[in-house]
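So you know, we letter chains A, B, ... as the sequences are listed, proteins then strands, and number each from 1.
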2 protein chains.
Amino acid sequence: MRKIAESTVRRLSLYLRLLEEFEEQGAETVSSEALASRGGTTSAQVRKDLSFFGSFGKRGLGYSVGELVRRLREILGLGRTYRVAMIGAGKIGSALVQYRGFRQRGFEVVSIFDVDPAKIGRSWNGLTVQSVVSLEGELRAHPVEIAVIVTPADAAQALTGRCVALGVKAILNFAPVQLTVPDEVVVKTVNLALELETLSYALTNR
Amino acid sequence: MRKIAESTVRRLSLYLRLLEEFEEQGAETVSSEALASRGGTTSAQVRKDLSFFGSFGKRGLGYSVGELVRRLREILGLGRTYRVAMIGAGKIGSALVQYRGFRQRGFEVVSIFDVDPAKIGRSWNGLTVQSVVSLEGELRAHPVEIAVIVTPADAAQALTGRCVALGVKAILNFAPVQLTVPDEVVVKTVNLALELETLSYALTNR
DNA sequence: GGGCTTTTGTGAAAGATTTCACAAATCTAG
DNA sequence: CTAGATTTGTGAAATCTTTCACAAAAGCCC
């Protein structure tokens, strides 16, 4: 498939959320202009974004809410489930697992690891926290597609390497480091420090 | 000041983190090439990013690590402290307040609010959880610059409006909604659903 | 000091993304 | 069925961002 800009994919995700709101309110159809104004963008942007994937609208009428929701879910790959290993049993990992949206989008946490002996063996949202020593054995017995890295910065790269060697296809990284992985592995880093600093910049420079 | 791209500011934040690592390792100077390769970008990009703010390097030598750290902290506005109100006393808020980087960057949480009677009155990281009913009184007595919105989606916009009316200058939003605010107020939304969906997209389309 | 090496700072070129603007569809009403 | 009103889909233009490429500066060595 032709290369799609990250910014476009992020907006598709936004449109999906807005469409679900329109659906709840009982709307049958929606125009690019309506989507745009709710989403803080322009109607031309909405139409261009969608046009990369096909033409889903009817001229003069707009888009069928239900159909567009279905199409966007399909484009974003939200029909399937992903098996997830959580690497690190701290606060953020815990908040993540309890976050409904995680499971709603098909992310199913099947194992959880930590180094802290105080945590190992504890029950944690229905799973038993395992030692990272058993990472290889466990992930070979029960493979996963996604690893969520929720460890201190200094442990993140080594654990990422081990996960990749075990066949993990994607890394969701919450550690404040730049991870190195082979080209075929997808990495998405969520870096709160960075968000705080851009906020600080915006507050300072006005 | 000339308008700086968001992507540039994000990279400055990244450079700062990398420089702090170089500093720990005792490096005196660093070249744009060294920064670039550790940060997954190009040396030209590093130099261009910095050039928007001045010329901090020495030709033939590179950048003084210490000086560049100081300059970047200044550019990003990290010298000062910000008073923060946390709106919502759930998991994410809790993880946030305990996150060292939050305080390290000068974000000082001075009050915390919730609607849940079971939470109100509880001690929470040294602060007492207050009812949102007392938001106005409390923030008038002890003004803050930043409000962190960690509430369900349906409550976020109304609370944002109340905060803005009370003089809040910036909103850090973790609710999965598009917030509307006056132009002079800065909003930064951290939307996990969106990150999950872009990851799902990347896994699906390859 | 002069020649060699390194590395910055920056215009210009290339590439990517967003906005414009309008023909083509489709609906509505009479 | 025709006229008028909407709204899509999309090339072309405008704008924004990244990369290129090279002169200028600075250190190093003999």
Side-chain angles (χ1 to χ4, degrees), chain A residues 1-15 18-19 22 27-72 75 178 198 201-202 205, chain B residues 1-15 18-19 22 27-72 75 178 198 201-202 205:
Chain A
M1 168 172 295
R2 153 107 183 275
K3 171 85 165 21
I4 302 293
E6 163 103 4
S7 52
T8 295
V9 177
R10 294 178 77 85
R11 281 190 302 267
L12 293 181
S13 171
L14 169 64
Y15 302 154
L18 299 176
L19 283 163
F22 278 111
E28 293 278 310
T29 62
V30 69
S31 67
S32 56
E33 179 50 40
L35 268 179
S37 75
R38 295 282 279 97
T41 179
T42 66
S43 63
Q45 181 79 81
V46 171
R47 295 196 301 275
K48 185 64 103 179
D49 286 338
L50 295 175
S51 77
F52 293 129
F53 298 92
S55 40
F56 309 129
K58 275 208 167 45
R59 294 175 189 217
L61 237 201
Y63 301 86
S64 149
V65 174
E67 193 205 332
L68 195 49
V69 163
R70 234 173 300 118
R71 295 302 200 110
L72 286 176
I75 290 165
Q178 190 78 4
T198 59
Y201 174 84
N205 301 87
Chain B
M1 167 173 295
R2 151 104 184 279
K3 173 86 169 14
I4 302 293
E6 161 104 3
S7 54
T8 295
V9 178
R10 294 178 77 87
R11 281 190 302 267
L12 293 180
S13 171
L14 169 64
Y15 302 155
L18 299 175
L19 283 163
F22 278 110
E28 293 278 308
T29 62
V30 70
S31 67
S32 56
E33 179 50 39
L35 268 180
S37 74
R38 295 283 279 96
T41 178
T42 66
S43 62
Q45 182 79 80
V46 172
R47 297 197 298 278
K48 184 63 99 180
D49 286 338
L50 295 175
S51 76
F52 293 129
F53 298 92
S55 40
F56 309 129
K58 274 207 168 49
R59 292 173 190 223
L61 239 200
Y63 301 87
S64 150
V65 173
E67 192 205 332
L68 195 50
V69 163
R70 233 172 299 120
R71 295 302 199 110
L72 286 177
I75 290 165
Q178 190 80 3
T198 61
Y201 174 84
N205 301 88

For atom [atom1] of [X] and atom [atom2] of [N], their distance in whole Å:
{"X": "B/Ile4", "N": "D/dT18", "atom1": "CD1", "atom2": "P", "answer": "12 Å"}
{"X": "A/Leu12", "N": "C/dT17", "atom1": "CG", "atom2": "P", "answer": "13 Å"}
{"X": "A/Glu67", "N": "D/dT8", "atom1": "CD", "atom2": "C1'", "answer": "14 Å"}
{"X": "B/Lys3", "N": "C/dT18", "atom1": "NZ", "atom2": "P", "answer": "12 Å"}

Point-to-point distance, once rounded to the nearest 0.5 Å, from CD of B/Glu33 to CG of B/Leu35
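If I round to the nearest 0.5 Å, the distance is 9.5 Å.
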
Residues forming a side-chain contact (heavy atoms from CB on, under 4.5 Å) with B/Ala34, sequence neighbours excluded
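side-chain contact (heavy atoms from CB on, under 4.5 Å) list for B/Ala34, sorted by chain: B/Phe22, B/Val30, B/Ser31.
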
Is any side-chain N or O of A/Gln45 closer than 4.0 Å to OP1 or OP2 of C/dT19?
yes

For C/dT18, take OP1 and OP2 only and decide whether either is under 4.0 Å from a side-chain N or O of A/Ser7.
yes

Can you name the closest pair of heavy atoms from A/Gln178 and B/Arg38 and give their distance?
CG-O, 3.9 Å

Over all heavy atoms of both residues, which pair between B/Thr42 and B/Ala36 is shortest? Give the atoms and the distance, please.
C-CB, 3.3 Å

What string of B, S and - do you get for nucleotides 1-11 of chain C 5' to 3' if you count protein non-hydrogen atoms under 4.0 Å?
-----BBBBBB

Only pairs under 3.5 Å count here: list side-chain donor-acceptor contacts from residues 51-67 of chain A, not counting sequence neighbours, and write none if there are none.
from	atom 1	to	atom 2	distance (Å)
A/Ser51	OG	A/Lys48	O	2.7
A/Ser64	OG	A/Glu67	N	3.1
A/Glu67	OE2	A/Arg71	NE	3.3

Would you call A/Leu72 and A/Leu50 a side-chain contact if the rule is heavy atoms closer than 4.5 Å?
yes

